[in-house]
Amino acid sequence: MKNNSYFFYGYPILLFSVSVILILSDNFQIPSGALVIILRQSSILGLLCLGLALVILTGGIDLSVGALLSLSSSVCSFVIFRHPEHIFLAVFLALTVCTLCGLLNGFLIAHLHFPATIVTFAQALIYTGLSSLNQQRISMLRSPSFSLFFNGDWFDIPVSAVFFVLLLIVFSICMHNTYWGQYLYAIGANEQALVNIGINTKSYKIATYAVCGLFSGLAGIFMLARISSVSISTNPTLVLEALTSISLAGIGFSGAHGKLPGLLIGTITVSALKMCMTVYAVPSTLQSLLIALFFFGSLLIGRILPKK
């Protein structure tokens, strides 16, 4: 399996290398602080992917992560706009709302046995609609202290990147050294076997969707600090980028296959590709098409590689 991993990870590494070469081409003006921009983009995308990857490892899916990101930005901007001094209260409320939305998704899927794809797609439409209500009222958020903290740098490293790497390390350790992590893998591999020995798999699945909602909300906070507005038009693109990053990370969509550290490779690769296409003035619709092709390419490679 190790040899297969080397071949698989060669695909995103190749894409990343080509992107960097094209960005550094002498024929084009390199954006100021290109590396920092890639780090900011990949860390926000990484937070989105981290929660979604946990859900996928259990054999589920959550198509509402992009909408939850927008909902988090919307709730946070709504509170800060009316009470500029209560920044951390706004963040707490936004994260709480997104966590509760994740709990609702998990309850509908685990207890009421609704198909995950249908439930999360419908919820995505609902959350997008709620976000658009606030978007019409607040076009631009101006809060220097909020932007300074959540879009600032720690020792020249973006705060969002620090948060992502720390959370990635913590959850990677938990997935391989705690019963909780081992149960998530086991649910994705054979849930009925856990049920037969008395494990309450429903509670684990609900908790996983709640964590996914929490991380989506955290990504929304950093996105709001970065662009100072609530964006709902990019929701489908964000979901596509998250799925592509997860696929490039070597995490299988059938559940119970893959390791979280691979998300570092996947998210940076997708962000570098986006930067490359932006430098070369590729239209946004064509960017989505190309990322979708990379997504299917990674799925195809994962399918072709022999499993041992």
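All residue numbers in this chain count up from 1 along the given sequence. Note that the structure is predicted; figures quoted are calculated from it, not measured.
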Can you list the steps and then say if Leu184 with Trp180 is a side-chain contact (heavy atoms from CB on, under 4.5 Å)?
CA-CA 6 Å; Leu184 293 191; Trp180 175 78; 3.5 Å; yes
I would like to know whether Leu224 and Ser77 meet side-chain contact (heavy atoms from CB on, under 4.5 Å); could you show each step before the answer?
CA-CA 8 Å; Leu224 177 63; Ser77 63; 4.0 Å; yes
May I have the step-by-step check of side-chain contact (heavy atoms from CB on, under 4.5 Å) for Leu50 and Leu263, ending in yes or no?
CA-CA 7 Å; Leu50 184 53; Leu263 291 175; 4.0 Å; yes
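Within the 3.5 Å criterion, the main-chain N or O of Met175 finds a donor-acceptor partner in the side chain of Gln182. Remark: side-chain polar atoms of Tyr209 are not paired, donor with acceptor, to backbone N or O of Tyr204 under 3.5 angstrom. Within the 3.5 Å criterion, the main-chain N or O of Lys274 finds no donor-acceptor partner in the side chain of Gln287. For Ser72 (side chain) and Leu68 (main-chain N/O), no donor-acceptor pair under 3.5 Å exists by modelled atom type. Here the side chain of Ser147 pairs no donor or acceptor atom with the backbone of Pro144 at under 3.5 angstrom. Between the side chain of Arg40 and the main chain of Asn151, a donor-acceptor pair closer than 3.5 Å is present. When atom types are taken as modelled, the side chain of Ser70 and the backbone of Thr128 share no donor-acceptor pair closer than 3.5 angstrom.
At least one side-chain heavy atom of Ile109 sits under 4.5 Å from a side-chain heavy atom of Thr120. For the pair Val239/Leu52, no side-chain contact is recorded, criterion being any heavy-atom separation below 4.5 Å from C-beta on. Looking only at side-chain heavy atoms (C-beta outward), Leu89 and His83 stay at 4.5 Å or farther from each other. When side chains are defined from C-beta on, Leu48 does not count as touching Glu241, because their heavy atoms never get closer than 4.5 Å. For the pair Leu260 and Leu54, the minimum side-chain heavy-atom distance is below 4.5 Å. The closest side-chain heavy-atom distance from Lys205 to His111 is not below 4.5 Å. Between Leu248 and Ile265, the closest side-chain pair of non-hydrogen atoms is not below 4.5 Å. Residues Pro261 and Ser172 meet the side-chain proximity criterion, which asks for heavy atoms closer than 4.5 Å.
Residues Val282 and Phe295 are members of one and the same hydrophobic cluster, defined by side-chain heavy-atom contacts under 4.5 angstrom among Ile, Leu, Val, Met, Phe, Trp and Tyr. By the criterion of side-chain heavy atoms lying less than 4.5 angstrom apart, applied directly or through intervening Ile, Leu, Val, Met, Phe, Trp or Tyr residues, Ile206 is not grouped with Leu104; the two fall into different hydrophobic clusters. Follow the hydrophobic side-chain contacts under 4.5 Å out from Val65 and you reach Phe253 in the same cluster. A continuous path of hydrophobic side-chain contacts links Phe121 to Leu243 [ILVMFWY only; heavy atoms under 4.5 Å]. Residues Val97 and Ile126 fall within the same hydrophobic cluster, defined by Ile, Leu, Val, Met, Phe, Trp and Tyr side chains chained together at heavy-atom separations under 4.5 Å.
One distance of note links CD1 of Ile268 with CE of Met275; it measures 12.5 Å at 0.5 Å rounding. Once rounded to the nearest 0.5 Å, the distance linking CZ of Phe81 with SG of Cys76 reads 13.5 Å. Taking OG of Ser64 as the start and CG of Leu69 as the end, the distance is 11.0 Å to the nearest 0.5 Å. Here the straight-line distance linking atom CG of Asp62 with atom SG of Cys101 works out to 10.5 Å at 0.5 Å rounding. Of the inter-residue distances, the one linking Cys49 atom SG with Ile251 atom CD1 reads 8.5 Å to the nearest 0.5 angstrom. To the nearest 0.5 Å, atom CG of residue Leu63 and atom CG of residue Asn105 are 10.0 Å apart.
When only modelled atom types and interatomic distance are considered, Ser160 and Ser43 share a side-chain donor-acceptor pair under 3.5 Å. In the model, Ser298 has a side-chain atom that pairs as donor or acceptor with a side-chain atom of Ser247 under 3.5 Å.
Of all the heavy atoms in Ile187 and Thr58, the pair that sits closest is CG2-O, 3.7 Å. When every heavy atom of Gly252 is checked against every heavy atom of Ile56, the shortest pair comes out as O-CG2, 3.4 Å. Across Ala94 and Ile221, no two heavy atoms sit closer than the pair CB-CD1, 3.9 Å. The nearest pair of heavy atoms linking Ala124 to Ala67 is O-CB, 3.4 Å. Closest heavy-atom contact between Ser288 and Thr237: OG-OG1, 3.7 Å. The minimum heavy-atom distance between Ala53 and Ile246, with the atom names listed, is N-CD1, 3.9 Å.
Taking the six-membered ring for Trp and thresholds of 30 and 60 degrees, Tyr185 and His176 have ring planes inclined between 30 and 60 degrees apart. Relative ring orientation between Trp154 and Phe163 is described as tilted, the plane-to-plane angle lying within the 30° to 60° band.
Both tests pass for Arg82 against the ring of Phe78: distance under 6.0 Å to the centre and angle within 45° of the axis.
Tested against Thr244 for a side-chain contact (heavy atoms from CB on, under 4.5 Å), the candidates Leu293, Val270, Thr267 yield a single pass: Val270.
Few gaps surround CZ on Phe149; more than 12 heavy atoms of other groups in view lie less than 6.0 Å from it.
For Phe164 and Phe222, the gap between ring centers reaches or exceeds 6.0 Å.
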